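Remember, predicted model here, so these are calculated numbers, not experimental data.
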Amino acid sequence: MNSVRYIDGRVNTVAEVGKAGTDEVNEVRILVEKAAGGDVEAFGELYSIHLDRIYRYIFYQVNDRATAEDLTEEVFLKAWRSIGKFKWKGYPFSAWLYRIARNHAIDHFRTRQQHKSLEWEFPTGDDGPELKAEEKQMNRLISEAISSLPEQQKQLIILKFIEGMDNREIEQIMGKNQGAIRVMQMRALATLRQKLAGGIYEAA
């Protein structure tokens, strides 16, 4: 299996699966079947295809590149050990990987009792220093607001708005039905609006 290739703290991958077309879905299915039969090279291809998304998902939770790299490696090791038990149930292979990553991240926080705040790096333009300072302040408020959400709501916000998943995919990863997901999303967004409004007024 190939090792992780990090460049300037970011992941460099061969490919990234988004809304995959039919050919890509079939390719992943063939690779999964080969890997389940013990084909290391096939699993290496799956690793390259999904590495970027899994690393990003973990990074947004732990807010530490070295930790995210270590946890990502551990997630794929777990996946390799368990892929022989993987069953197709109408969901993409990536949903299975996300579930492993989610559970591993939760275990990480439980065993180390660490709850670091998220400090995401939002892109900034070439505007003046005053506007950049305002953007930095807003980004900090957003990061703190998301970090303060209950664990389940934080997971949902990351999957929905950072990873761009639909409720059906989130249902498979979080183990909650779509009705519960919609309710949780409304509560999380309402809480975020309230926290951001309070933070903006306090910072003004």
Side-chain angles (χ1 to χ4, degrees), residues 1-2 4 11 13-62 68-110 118 146 149-189:
M1 185 174 64
N2 298 329
V4 182
V11 180
T13 60
V14 172
E16 180 178 355
V17 176
K19 297 296 182 181
T22 303
D23 291 342
E24 292 171 302
V25 171
N26 290 337
E27 178 188 1
V28 169
R29 193 178 190 98
I30 291 170
L31 290 171
V32 169
E33 291 173 356
K34 288 182 177 179
D39 189 327
V40 177
E41 293 298 323
F43 187 81
E45 290 295 318
L46 292 170
Y47 175 89
S48 295
I49 290 169
H50 297 92
L51 174 60
D52 191 36
R53 294 177 71 193
I54 298 300
Y55 169 79
R56 183 176 60 231
Y57 171 66
I58 292 176
F59 174 77
Y60 281 134
Q61 297 180 66
V62 302
E69 290 171 11
D70 290 342
L71 292 179
T72 300
E73 287 288 277
E74 291 167 10
V75 165
F76 279 99
L77 284 173
K78 283 189 173 184
W80 170 242
R81 295 189 187 109
S82 304
I83 196 168
K85 302 176 183 178
F86 173 78
K87 304 293 183 184
W88 294 102
K89 297 181 180 179
Y91 295 96
F93 176 72
S94 59
W96 183 70
L97 288 177
Y98 273 108
R99 179 181 282 272
I100 294 174
R102 173 178 178 267
N103 292 337
H104 199 53
I106 290 173
D107 289 343
H108 167 76
F109 286 121
R110 283 176 179 167
L118 295 173
I146 295 176
L149 290 173
E151 183 62 33
Q152 294 280 344
Q153 292 183 13
K154 181 170 67 175
Q155 290 273 345
L156 173 58
I157 292 298
I158 293 172
L159 291 171
K160 183 80 172 182
F161 298 105
I162 303 301
E163 296 302 304
M165 294 186 179
D166 58 32
N167 287 351
R168 186 171 179 273
E169 293 173 298
I170 296 172
E171 175 184 30
Q172 172 66 7
I173 294 166
M174 297 190 68
K176 293 184 176 295
N177 63 49
Q178 294 187 37
I181 289 171
R182 285 191 288 270
V183 171
M184 189 187 304
Q185 178 180 320
M186 287 192 306
R187 290 175 177 170
L189 291 176

* Asked: Less than 4.0 Å between a side-chain N and a carboxylate O, is that true for Glu151 and Lys154?
  -> yes
* With a 4.5 Å limit on heavy-atom distance, are the side chains of Ile157 and Ile162 in contact? -> no
* Asked: Would a 4.5 Å heavy-atom cut-off, applied to side chains only, mark Leu71 and Tyr55 as touching?
  -> no
* Going by heavy atoms in the side chains, are Leu159 and Tyr57 under 4.5 Å from each other? -> yes
* Is Arg53 reaching over with its side chain to a backbone N or O of Glu163, donor-acceptor style, under 3.5 angstrom? -> no
* To do: May I ask you to decide if the ring planes of Trp88 and Phe86 are parallel, tilted or perpendicular, using 30° and 60° as cut-offs?
  => perpendicular
* When rounded to the nearest 0.5 angstrom, what distance separates CG in Leu97 from CD1 in Ile54? -> 5.0 Å
* To do: Measure from NZ or CZ of Arg29 to the centre of the six-membered ring of Phe93, then state whether that distance is under 6.0 Å and the direction lies within 45° of the axis.
  => no
* Counting heavy atoms not belonging to Arg99, are there more than 12 under 6.0 Å from its CZ? -> yes
* To do: Give the minimum heavy-atom separation between Phe59 and Ala68, together with the two atoms involved.
  => CA-CB, 3.8 Å
* Asked: Between the side chains of Gln155 and Tyr98, does any donor sit under 3.5 Å from an acceptor?
  -> no
* Heavy-atom closest contact (Leu149 atom, Ala188 atom, distance) -> CD2-O, 4.1 Å
* First locate atom CE of Met186, then atom CD1 of Ile181, and finally report the distance between them rounded to the nearest 0.5 Å. => 12.5 Å
* **Check against side-chain contact (heavy atoms from CB on, under 4.5 Å), Gln152 and Lys176** => CA-CA 10 Å; Gln152 294 280 344; Lys176 293 184 176 295; 3.3 Å; yes
* **Straight-line distance of Asp107 CG to Arg102 CZ, nearest 0.5 Å** => 10.5 Å
* Asked: Does the side chain of Tyr47 pick up a donor-acceptor pair with the side chain of Glu73 at under 3.5 Å?
  -> yes
* Check: Ile173 and Met165 side chains under 4.5 Å, non-hydrogen atoms -> yes
* Asked: What is the distance from atom CD of Gln153 to atom CE of Met184, rounded to the nearest 0.5 Å?
  -> 7.0 Å
* Say whether, by atom type as modelled, one donor and one acceptor occur between the side chain of Glu169 and the main chain of Asp166 under 3.5 angstrom. => yes
* **Point-to-point distance, once rounded to the nearest 0.5 Å, from CD of Glu45 to CD of Glu27** => 7.0 Å
* Asked: Among side-chain atoms of Lys78 and Asn103, is any donor-acceptor pair under 3.5 angstrom?
  -> no
* **Non-hydrogen side-chain atoms of Ile49 and Leu31 separated by less than 4.5 Å** => yes
* Asked: Is any side-chain heavy atom of Asn167 closer than 4.5 Å to a side-chain heavy atom of Gln185?
  -> yes
* Asked: Does some side-chain heavy atom of Phe43 sit less than 4.5 Å from a side-chain heavy atom of Asp39?
  -> no
* Asked: How far apart are the closest heavy atoms of Ala35 and Ala42, and which atoms are they?
  -> N-CB, 3.9 Å
* Taking the side chain from His50 and the backbone from Leu46, do they hold a donor-acceptor pair closer than 3.5 Å? -> yes
